[in-house]
Amino acid sequence: VLYLPSPGALLDSTYGNLILAKGAGFAALVGFGAYNRFRLIPSLRETRGDVALRRSVRFELVVMILVVLVAVALSRVPPPVE
């Protein structure tokens with residue numbers, strides 16, 4: 001964000017959009033972690049809790065791969081100039 005000429009560049013440039021996408025992906029990963037920790041792990045004592053946890057971890061892995069791909073794209077796109 002320090003490389004952006006103005007806060008509006010977050011919405012107006014490819015670089016800013018990638019920063020927003022990476023932040024949203026990171027927030028989704030934090031949400032997955034909290035959901036797994038506080039909802040799914042305690043439900044492992046039930047009969048179908050492990051299936052839900054495996055499904056959630058698969059989705060989390062997909063989001064993690066997407067965040068890494070966005071980070072790679074971010075490293076390849078130059079920041080906007082003023």
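Predicted, not measured: the structure shown is a model, and the values here were computed from it.
- Under the 4.5 Å side-chain criterion, counting only non-hydrogen atoms from C-beta, L20 is in contact with L11.
- One finds the CZ atom of R55 at 9.0 Å from the CG atom of L40 (value rounded to the nearest 0.5 Å).
- Nearest heavy-atom pair, Y15 versus P80, reported as atom, atom and distance to 0.1 Å: CB-CD, 3.7 Å.
- Looking at every heavy atom in both residues, N36 comes nearest to V57 through ND2-CG2, 4.2 Å.
- Taken from CG in N17 to NZ in K22, the straight-line distance is 15.0 Å, to the nearest 0.5 Å.
- L10 and V77 fall within the same hydrophobic cluster, where Ile, Leu, Val, Met, Phe, Trp and Tyr residues are linked whenever their side-chain heavy atoms come under 4.5 Å apart, directly or through other members.
- Here the shortest heavy-atom pairing between L4 and S13 reads CD2-OG, 4.3 Å.
- Under the 4.5 Å side-chain criterion, counting only non-hydrogen atoms from C-beta, Y35 is in contact with S56.
- Between R37 and P42 the shortest heavy-atom distance is O-CD, 3.3 Å.
- Other members of the cluster containing M64 are L29, F32, F59, V63, V67, with ILVMFWY side chains joined at under 4.5 Å, either directly or via other members.
- If you take CG on L61 and CG on L66, they are separated by 10.0 Å, rounding to the nearest 0.5 Å.
- Between V81 and P5, the closest side-chain pair of non-hydrogen atoms is not below 4.5 Å.
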